[in-house]
Structures are given as C-alpha cells and as structure tokens.
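Read through the structure below, which is laid out as structure tokens, and then see the notes.
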Number of protein chains: 2
Amino acid sequence: MDAIKPELLRGSLELMVLSTLSGGKKYGYLIQSTLWESSRETIEMKAGTLYPILHKLEKEGWVKCHWESDTGRRRKWYELTAAGKKQLKSQADEWWRYVECLRRVLAPLGELSPQTA
Amino acid sequence: MDAIKPELLRGSLELMVLSTLSGGKKYGYLIQSTLWESSRETIEMKAGTLYPILHKLEKEGWVKCHWESDTGRRRKWYELTAAGKKQLKSQADEWWRYVECLRRVLAPLGELSPQTA
DNA sequence: GAGATATATATTGTGACGCTATGCATTGGG
DNA sequence: CCCAATGCATAGCGTCACAATATATATCTC
C-alpha cells in the first residue's frame with residue numbers, strides 16, 4: 001500500500017498520537033510502531049515529526065510523562081490526562097465532521113462511501 | 001456549524017476544487033459559492049487560497065480556461081480537462097484511502113463510523 | 001445619482017508545521 | 001567489535017493556507 005501524501009496527514013497527526021495513547025501509556029518509539037501497525041503499515045511517523053508533537057501535548061497538559069531507565073535504555077513514557085482524553089474526543093469529533101463535509105463535496109463524483117465496502 | 005480547522009483542510013483543498021469543477025465549468029467566484037453550498041456552509045474558501053490553486057491546476061494542464069467579458073464583468077472560466085478528471089479520480093481515491101486508514105487508527109475509541117448515521 | 005454592498009480576479013507577506021538531516025546514547029547480533 | 005536497531009531530541013528548510021490588500025465593475029438603496 002502506498003503512503004499517504006504528507007499534506008493530507010497535516011492536521012490529523014496530533015489526533016493520531018492522542019488516539020494511540022488512548023490504548024494505554026507508551027513511549028515514543030512504541031507510539032511509532034503501534035501507529036505503524038494500527039494503520040496497516042501506512043502511517044510511518046518520523047521521529048522528527050513525533051517528538052515535537054509529544055512535547056506540545058505535554059506543554060498543553062494533555063499528557064503526563066515520566067522517565068524510566070530501569071532497563072538501561074532510557075524511555076520517556078507518555079500517558080493521557082483527563083484533559084487529554086477530552087481533547088482526543090474533541091479532535092476525533094471534528095475529524096468525522098470533516099469527513100462528512102468532504103463526503104458531501106465529493107458526492108457529485110458518485111463515490112458513495114467507498115469505505116463502507 | 002463551526003468551521004473546520006485550517007490544518008485539516010490542507011491537502012484536500014485542491015481535491016475540493018477539482019470536484020466542484022466536475023459539475024461543469026465555473027469561474028472563481030462561482031467555485032467559492034458552489035463549495036460553500038455543497039459543504040452546507042462549512043467550507044468558505046478564501047480568494048487568496050482559491051486562485052493560487054486554480055493557477056496551479058492550469059499550469060498542470062488539469063483545467064483549461066478562457067476569459068469572458070460579454071456580461072461586462074470579466075470572468076475567467078475553468079473547465080476540467082481529461083487529465084484533470086483523471087487527477088480528480090486519483091486524489092479522491094487517495095482521500096478515501098486516508099479516511100479508511102484513520103478509521104483504523106481511531107478504532108480503539110469505539111467511534112464506529114459516525115458518518116454512516 | 002451618490003454611496004454602499006456584492007461581485008470578481010489577483011498578489012504579497014506571514015506564520016504554522018511536517019520533513020530531512022543530524023546528533024547522541026544504549027543494546028544485541030553476527 | 002562493528003553495525004543495525006532502539007530511543008530521544010533539535011535545527012533548518014520548504015511548503016502552503018490564510019490575512020491583508022489592490023483593482024475594478026455591477027447592483028441595490030435612498
């Protein structure tokens with residue numbers, strides 16, 4: 001499966017990270033691999049993209065994090081806060097609203113919900 | 001209905017213009033208003049956004065255009081070419097592929113196709 | 001018929017943001 | 001013992017949508 005154009009991903013990357021964290025706390029590298037799998041090898045979020053997002057989430061108070069070095073290899077674990085869960089719901093709602101909007105705009109093409117197939 | 005975040009629109013604006021033109025040739029201002037209506041007053045594409053896109057479409061050979069001044073008010077009409085229709089199909093396909101991908105990523109939220117409601 | 005508003009196209013400046021490149025450090029396999 | 005994979009992080013760059021602005025005509029209101 002081909003990769004999705006970067007321009008399309010813009011705006012939904014943060015949502016994807018939040019959603020991935022809704023399955024339990026994770027560290028950066030794990031978020032990357034989880035996203036890669038849940039998207040069926042489509043979303044390959046680069047480190048240079050992911051970490052600035054995580055830092056923003058932390059700054060906004062949407063995730064709380066703590067370092068762990070027990071295994072020798074240091075890891076920074078991220079976990080959704082209550083505000084983060086609220087934010088996730090908000091962004092997910094907007095996303096589906098956007099999809100519905102595009103569905104209407106693309107209606108003349110006769111592309112009737114290809115994703116329900 | 002609130003407006004969609006600009007960051008989300010990024011990447012799909014060109015697709016929306018192509019789709020709007022699939023309903024027959026139109027001039028800039030008409031594209032704006034058609035899009036406004038087909039999106040149920042959600043997509044308000046600004047002139048500063050639309051015209052650069054139209055110029056790109058023309059440059060790529062996806063639309064052919066001609067000036068008309070019969071009515072006194074000059075208008076530049078845009079019409080999809082064969083290559084443009086092909087491009088439209090290609091971009092629409094990618095869009096739905098993207099939506100399907102996000103659906104999987106957001107699956108853990110239990111948001112089962114809110115748009116099919 | 002004067003002024004306001006809607007129509008109509010176009011350019012420029014700016015800021016947001018994802019990507020590439022780079023750097024540093026640890027761990028495990030060949 | 002080297003190299004790939006793991007793991008976090010920042011700097012610089014390019015793209016691109018939007019705000020602001022400019023120009024001009026048509027229509028509506030009073």
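The figures here come from the full heavy-atom set of this structure, side chains too, leaving out hydrogens, waters and symmetry mates.
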Measure from [atom1] on [X] to [atom2] on [N] and round the result to the nearest Å.
X: L57(A); N: dC8(D); atom1: CG; atom2: C1'; answer: 16 Å
X: W36(B); N: dT7(C); atom1: CH2; atom2: P; answer: 13 Å
X: Q32(A); N: dC19(C); atom1: CD; atom2: P; answer: 11 Å
X: I53(A); N: dC8(D); atom1: CD1; atom2: P; answer: 14 Å
X: L54(B); N: dC16(D); atom1: CG; atom2: P; answer: 15 Å
X: L15(A); N: dG18(C); atom1: CG; atom2: C1'; answer: 16 Å
X: W77(A); N: dT6(D); atom1: CH2; atom2: C1'; answer: 14 Å
X: K56(A); N: dT10(D); atom1: NZ; atom2: P; answer: 16 Å

Go through [options] for me and flag the one nearest to the [X] side chain.
X: R10(A); options: dA16(C), dG7(D), dC18(D); answer: dA16(C)
X: R74(B); options: dG18(C), dT9(C), dC17(C); answer: dT9(C)
X: P52(A); options: dT10(D), dC8(D), dA6(C); answer: dT10(D)
X: W67(B); options: dA9(D), dG7(D), dA10(C); answer: dA10(C)

Below 4.0 angstrom from OP1 or OP2 of [N], is there any side-chain N or O of [X]?
X: Y51(B); N: dA10(C); value: no
X: H55(B); N: dT9(C); value: no
X: K46(B); N: dA19(D); value: yes
X: K76(A); N: dA9(D); value: yes

Quick check: do E94(A) and K5(B) have side-chain heavy atoms less than 4.5 Å from each other? yes
Any R104(A) side-chain heavy atom under 4.5 Å of S39(B) side chain: no
Salt bridge (charged side-chain N to carboxylate O under 4.0 Å, His left out) evaluation trace for R74(A) with E68(A): CA-CA 6 Å; R74(A) 73 198 191 110; E68(A) 192 184 280; over 6 Å; no
Looking across every strand, which nucleic acid part, if any, lies under 4.0 Å from [X] by heavy atom: base, sugar-phosphate, or nothing?
X: L50(B); value: nothing
X: G28(A); value: sugar-phosphate
X: L13(B); value: sugar-phosphate

Taking 4.0 angstrom as the limit, do R97(A) and D93(A) come out as a salt bridge? no
Check the orientation of Y27(A) and W77(A). Use parallel for under 30°, tilted for 30 to 60°, and perpendicular for over 60°. perpendicular
